[in-house]
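Everything below concerns the one structure shown next.
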Amino acid sequence: MFVTESLIKDLVGVVVALVVVVVAYSKWRYQYWKKKNLPYVQPTVPFGNLSNPFYKRENFGVTMFQLYKEMKGKGWKHGGIFFLTRPAYFVIEPDYVRNVMSKDFQHFVDRGFYYNEKDDPLSAHLFSIGGQKWRNLRTKLTPTFTSGKMKMMFPTVVECEGGLQKRIEEESLKNEPINIKELLARFTTDVIGSCAFGLNCDTFSDENSPFRVYGQKILTASAVETLKRLIAFNFPDIAHFLSLTVTPKDVDKFFRKMVTDTVNHREKNDVIRKDFMQLLIDLKNNKLAEEDGYKHDGKTLTLEEIAAQSVVFFVAGFETSSTTMAFALYELSKHQYIQDKVRHEINTVLAKHDNKITYEAIQEMKYMDQVIDETLRKYPPVSFLTRECVRDYKHPDDDIVIEKGTTVVIPTLGLHYDEDYFPDAEKFDPERFSEENKNSRHRYVYIPFGEGPRMCIGMRFGIMQSKVGLAALLRSHIFTLNAKTQEPFEWRADSFVLAVEGDIWLNAQKV
Ligand code: HEM
């Protein structure tokens, strides 16, 4: 009894001391922007300007959107915020967005994401790595995404469209609401699974396909995982010292085995396919032709590097595109005249191409491009972007130096809903993306794929598979909104990609 009481007292003492230290440290850190004379949003201990993940979990992109509105409302062109205790520089003015992403890119090469090549090799992929390592890898991978390579992969994409067609036929006959995002995520999982791993994932036949299950798992995070990532982000040195990993163990095991088996199978049996995996294997074996734009530097990809890149293609590729298609169909369900116009375009173009979805036919669907552009404005799957300052940066307009190591926030959602650039921003209006209207705007207020040297490497592929999916569904079915969809939308806090609570439910009726 005596021991227990004294132990409790000691524990309470330790906790109180810890709280005092955290509060004192945070208050000291929160002086950072004041000392630099940059306006900043008042933070609170210990989460800074983020919401408490254990009390009110909020999607990070939505938090950044709120901060954008607050700062812009005060007339600031840029400002300071805090992620926990880590200062972050927040850009608002489009010219400053341009400076960070393109003009002064050499100061902002990195994304500032935590990765741990030794203990968690899958975390060391193109999206998270930085510095020279990123430059080398980006140079190696860029020719993998040219329009020539997209054309080469197109038949693989169209092969998966059969499964989608069959499923929508079955679903529409049932006369029940359709979870459109889930349906499309299966389609894009099949496409990317085939293009990145050379495998037939067949998620339409196998409800519990491991690709779908692990794909979902890698893109959601519990409150504890969110906190773990925040700590890794805030204190990377401590995270490295503790060998902290961010890829769940079972996900790591699944994907590494998949890649090792695939590479071994192809190499042993001389199997050659037209997909990302083949291009990665050829990079590993230094086999790609110089005339295709490859610069051989003698350094090849290791098996672990191949695994990390295949996983990032998979993760970055399936959820972003299925989200885009799902939101597009949601808006088209609410605006039937726009839906009719897209369907008319699909039918007219396909009639010229023997009623087949070909690479050339997809390129001709220009109004569909406008619909996708407007969808990505209202619902950018990656709702904010980051960079890390890698070299002290003297601001061109203000007497302030952004120090090396500072995180930079680029608020995509904030810019996309800013009434100064997109009047009546809530309205879904593809005309905003007619050639004329597009060219009359500042280029850096619309950034669903990012911008500059670090922009999305898979943009062409993402748009291509989104157009194939939309053409396949809209040519044969009319979509309307089902009352099961919860409106107004609430944004899911546990999802890295913009997603709604309760999912999007549509009705489909054969044309
Ligand atoms: C509609 C579909 C997609 C959207 C909206 C999207 C969006 C984005 C965004 C916003 C970024 C960050 C850009 C920046 O920081 O400036 C990014 C990066 C990236 N995306 Fe995508 N993406 C899509 C499809 C794809 C696909 C299909 C792939 C691969 C097959 C892919 C692979 C990547 C990779 C590897 C990066 C990191 C690039 C780097 O850091 O060098 N994405 N994407």
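Values below: all heavy atoms of this structure, side chains included; hydrogens, waters and symmetry mates excluded. When a ligand or atom number is given, it counts from 1 through the structure's own listing order.
Protein heavy atom at the shortest distance from atom 16 (O) of ligand 1 is Arg387 NH2, 2.7 Å. Nearest non-hydrogen protein atom to atom 28 (C) of ligand 1 is Gly458 CA, 3.7 Å. Scanning the protein for heavy atoms near atom 35 (C) of ligand 1, the closest one is Ile457 CG2, 3.6 Å. Nearest non-hydrogen protein atom to atom 4 (C) of ligand 1 is Phe449 CE2, 3.3 Å. Among protein heavy atoms, atom 22 (N) of ligand 1 sits closest to Cys456 SG, 3.1 Å. Protein heavy atom at the shortest distance from atom 38 (C) of ligand 1 is Arg138 NH1, 3.4 Å. Atom 37 (C) of ligand 1 has its closest protein heavy atom at Phe127 CD1, 3.4 Å.
Counting heavy-atom neighbours within 6.0 Å of Lys394 NZ, excluding the residue itself, gives a total above 12. Heavy-atom contacts from other residues, nucleotides or ligands closer than 6.0 Å to NZ of Lys438 number more than 12. Around atom CD of Glu490, no more than 12 heavy atoms belonging to other residues, nucleotides or ligands sit under 6.0 Å away.
Residue contacts with ligand 1 leave out Met459, since none of its heavy atoms falls under 4.0 Å from the ligand.
Taking every heavy atom of Glu451 and a limit of under 4.0 angstrom, the matching atoms of ligand 1 come to 16 (O). Taking every heavy atom of Gly450 and a limit of under 4.0 angstrom, the matching atoms of ligand 1 come to 10 (C), 13 (C), 14 (C), 16 (O). Within ligand 1, counting atoms from 1 as listed, the ones closer than 4.0 Å to a heavy atom of Trp134 are 39 (C), 40 (O), 41 (O). Every atom of ligand 1 is numbered from 1 in the order shown, and the set under 4.0 Å from a heavy atom of Thr324 is 1 (C). When each atom of ligand 1 is checked for a heavy atom of Phe461 under 4.0 Å away, the hits are 27 (C).
Taking only nitrogen or oxygen atoms, main chain and side chain alike, Thr320 does not reach within less than 3.5 Å of ligand 1. The N/O atoms of Arg454, backbone and side chain alike, include one that comes under 3.5 Å of an N/O atom in ligand 1. At least one N or O atom of Arg111 sits closer than 3.5 Å to an N or O atom of ligand 1.
Classification of the His477-Phe479 ring pair by plane angle, with boundaries at 30° and 60°, yields tilted. Using a 30° and 60° split on the angle between ring planes, Phe145 and Phe313 fall in the perpendicular class, above 60°. Ring orientation note: the planes of His416 and Tyr446 are close to parallel, at an angle under 30° on the 30°/60° scale. Note on ring orientation: taking the six-membered ring where Trp is involved, the planes of Tyr214 and Phe254 are parallel (angle under 30°, cut-offs 30° and 60°).
Looking at Asp95 and His442, their side chains do bring a donor and an acceptor atom within 3.5 Å of each other. Side-chain contact check for Asp119 and Thr245: no donor-acceptor pair (N or O, by modelled atom type) lies under 3.5 Å.
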Discussion item. Assess the residue pair Tyr89 and Leu38 against the criterion (side-chain contact (heavy atoms from CB on, under 4.5 Å)); give the C-alpha distance rounded to whole Å, side-chain angles, the decisive distance to 0.1 Å, and a yes or no.
Written reply: CA-CA 9 Å; Tyr89 171 64; Leu38 186 77; 4.0 Å; yes
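The option with the heavy atom closest to atom 25 (C) of ligand 1, from among Ser466, Gly462, Ala316, is Ala316. Remark: among candidates Pro448, Gly317, Ser321, the nearest residue to atom 27 (C) of ligand 1 is Gly317, based on non-hydrogen atoms.
In this structure, Lys378 fails the cation-pi test against Phe327, since its NZ or CZ atom is not both closer than 6.0 Å to the six-membered ring centre and inside 45 degrees of the ring normal. The cationic atom of Arg441 (NZ for Lys, CZ for Arg) lies less than 6.0 Å from the six-membered ring centre of Phe433 and within 45° of the ring axis.
If you look at Val382 next to ligand 1, the close heavy atoms, those under 4.0 Å, all belong to the side chain.
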